[in-house]
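Encoded as structure tokens, the structure appears first; notes follow it.
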Amino acid sequence: MSSSKGQEGSAVPTKQKGSWSSFLKSIASFNGDLSSMTAPAFILSTTSLVEFSSYWTEHPSVFVAPAAEKDPAKRMLLVLKWFLSTLKQQYASRSEKLGSEKKPLNPFLGELFLGKWEDAAGETQLVSEQVSHHPPVTAYSIWNSKHGVRLQGYNAQKASFKTTINVKQVGHAMYHIDGFNEDYLITLPPLHIEGLVVGAPYVELNSATYIQSSSGYTAKIEYSGRGWVSGKSNSFTASIYPEDKKKEPIYTAEGQWTGKFHFKDPKTKQIVDTFDHAAIKPTPLSILPVEQQDDFESRKAWKKVADAINKGDLDTTSAEKSIIENRQRVMRKAEKEQGKEWERKFFKRVQKDPVFEKLAAKIGEQVNQDATNGVWNFDQEKASAAKSPFHPDVNPPIYVDTGDLSRTSTKSTAA
Ligand code: HC3
């Protein structure tokens, strides 16, 4: 598969400075729905938001590591370590590789992104599905059967403008370990965009998030940027404590989520664990080549739009986007006439999620169903009934490495 992202380059081209200024003026009064924001052509990404779910598993061995730890406190430390290790890819990978954070494609209802990682941890699989279009909501499930670990979650974004674009994430993730029948509720960080004025936008995280475990431990992570105490961008401090003993941490952590961080035992002040992005190679995600994908799979569905964006061909970009939007409109109209709702392929809307509610109560979190068009859970029955997310009917399926989500390096892997 050839590169389709190679031209997603630096921020504002000199001759487009004018349209960037107009864009800045227009976002100061935008309505809060990020998908409705009209951005200049050079800031358009060829990647759909449905792909972002894969950012949770840059390092499958770190993802599955908690399953092998017998001590519940150390297990919590390993879950926190994995979570922190995902932040770089989630929030900094695009601006690092492409020179700026671009506006992702707004997924259509039913859009899918399917793939797997294969490495020393065995096979780790990904299903990501756009479960709502208004408001835009993406749900995902990532699992490794060999180690009995599963992550599932869903998210939406609510934006506002005050000095810059501020984004609140709605939704949550839940990490589950079969071997200990343990759940970890993960809340999602609010963020804002830095570098807007100079035309090289990037994400900085704000405020705090939590991981609450069913084994009775809480982790609190506090984010800070360049202007804060540490003075460094992408910084954080974290502590792990028994859920009712906030002032008695059993582990602390600090560092930069884009670089290196370490964990300490506060009693001995000794470093007990370290993570360094420079010392660990990410495992690339493999997906089917576009020709073998289902029509609802993201890269196949958006191919013509992505090609047009890469060519800088605005007319074709909007014409191809309109084809997708019109097709969706026709489908919604037919569903309305038949009194039906679009059937999600891998997820179901649930009225209650007792696991979430129990853990959320401990950290003062609440479900916001209106912002996410419901509460979304992975549906094992649907997933088994769906032919297969990985098309076993294509015999044998040939996966291609995505390398990273900028699609700049792709090569054949398995046969
Ligand atoms: C706000 C954001 C879209 C949402 C992205 C999310 C929150 C999606 C879920 C992932 O797990 C984590 C994540 C990472 C980055 C978030 C994006 C950063 C910028 C993008 C805006 C829609 C784009 C704003 C346009 C501009 C001008 C900055 O390019």
Side-chain angles (χ1 to χ4, degrees), residues 8-12 16 19-28 30-58 83 85-107 113 126 128-132 135-142 151-161 163-173 186-207 209 223 234 257-258 298 309 371-372 376 405-406:
E8 263 198 17
S10 57
V12 190
Q16 306 222 36
S19 67
W20 186 248
S21 310
S22 318
F23 169 64
L24 291 182
K25 279 182 203 134
S26 74
I27 54 171
F30 90 112
N31 70 8
D33 176 4
L34 283 166
S35 60
S36 72
M37 193 167 65
T38 312
F42 59 84
I43 205 81
L44 297 182
S45 168
T46 57
T47 302
S48 161
L49 258 188
V50 82
E51 292 201 21
F52 284 36
S53 309
S54 67
Y55 291 146
W56 286 104
T57 319
E58 195 180 14
F83 168 75
S85 80
T86 69
L87 298 178
K88 181 180 180 204
Q89 215 196 7
Q90 295 261 21
Y91 302 105
S93 56
R94 297 159 305 277
S95 50
E96 276 187 352
K97 290 194 182 97
L98 308 174
S100 74
E101 181 75 53
K102 297 187 185 267
K103 185 175 184 274
L105 294 166
N106 182 25
F113 189 61
L126 162 76
S128 177
E129 177 172 2
Q130 192 68 11
V131 291
S132 170
V137 183
T138 310
Y140 50 87
S141 181
I142 297 171
L151 177 79
Q152 62 162 312
Y154 62 97
N155 56 48
Q157 296 85 40
K158 276 190 142 187
S160 59
F161 188 90
T163 331
T164 186
I165 300 171
N166 298 287
V167 181
K168 194 172 167 287
Q169 297 198 66
V170 195
H172 61 267
I186 300 165
T187 66
L188 309 170
L191 57 97
H192 68 272
I193 306 293
E194 298 248 348
L196 258 189
V197 177
V198 293
Y202 66 93
V203 167
E204 186 59 273
L205 303 179
N206 313 327
S207 188
T209 61
Y223 305 94
N234 315 139
W257 49 263
T258 34
S298 186
I309 291 175
T372 55
W376 298 95
L405 292 186
S406 65

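We count ligands from 1, going down the list as the structure has it; atoms in each ligand are counted the same way.
Below 4.0 Å from some heavy atom of Arg94 lie the following atoms of ligand 1, by number and element: 14 (C), 15 (C). Here is the list of ligand 1 atoms found below 4.0 Å of a heavy atom in Lys103: 29 (O). Close contacts between ligand 1 and Lys102 involve ligand atoms 29 (O) [criterion: under 4.0 Å to a heavy atom]. The contact set between ligand 1 and Val203, taken as ligand atoms under 4.0 Å from a residue heavy atom, comprises 18 (C). Annotation for ligand 1: atoms under 4.0 Å from non-hydrogen atoms of Ile43 are 29 (O). Here is the list of ligand 1 atoms found below 4.0 Å of a heavy atom in Phe23: 27 (C). Listed by number with element, the atoms of ligand 1 under 4.0 Å from a non-hydrogen atom of Gln169 are 7 (C).
With contacts defined as side-chain heavy-atom distances shorter than 4.5 Å, the pair Phe113/Ser53 does not qualify. Side-chain contact between Phe23 and Met37: present, with at least one pair of heavy atoms (C-beta onward) separated by less than 4.5 Å. Looking only at side-chain heavy atoms (C-beta outward), Leu105 and Ile309 come within less than 4.5 Å of each other.
Between Phe83 and Trp56, the ring-plane angle classifies as tilted under the 30° and 60° cut-offs.
Atom 28 (C) of ligand 1 has as its closest protein heavy atom Pro201 CB, 3.7 Å.
The ring pair (Phe, Tyr, Trp, His ring centres under 6.0 Å) check on Tyr91 picks up nothing, with sequence neighbours excluded. Listed by chain and residue number, Pro135, Val137, Asn373 satisfy the side-chain contact (heavy atoms from CB on, under 4.5 Å) test with Ser132 (two or more places apart in sequence, or in another chain).
Remark: Lys158 NZ is loosely packed, at most 12 non-hydrogen atoms of other residues, nucleotides or ligands lying under 6.0 Å away.
Judged purely by atom type and a 3.5 angstrom limit, Thr138 has no side-chain atom pairing as donor or acceptor with the backbone of Val50.
Looking at every heavy atom in both residues, Gln89 comes nearest to Ser54 through OE1-O, 4.0 Å.
When Met37, Gln89, Gln157 are checked for heavy-atom proximity to atom 8 (C) of ligand 1, Gln157 turns out nearest. Nearest-heavy-atom check against atom 26 (C) of ligand 1 across His192, Lys168, Glu51, Glu101 picks out Glu101.
Under 4.0 Å from ligand 1, not a single heavy atom of Glu194 appears. If you look at Tyr91 next to ligand 1, the close heavy atoms, those under 4.0 Å, all belong to the side chain.
Below 3.5 Å of separation, one finds an N or O of Gln90 facing an N or O of ligand 1.
In this structure, atom 2 (C) of ligand 1 has no protein heavy-atom contact shorter than 4.0 Å.
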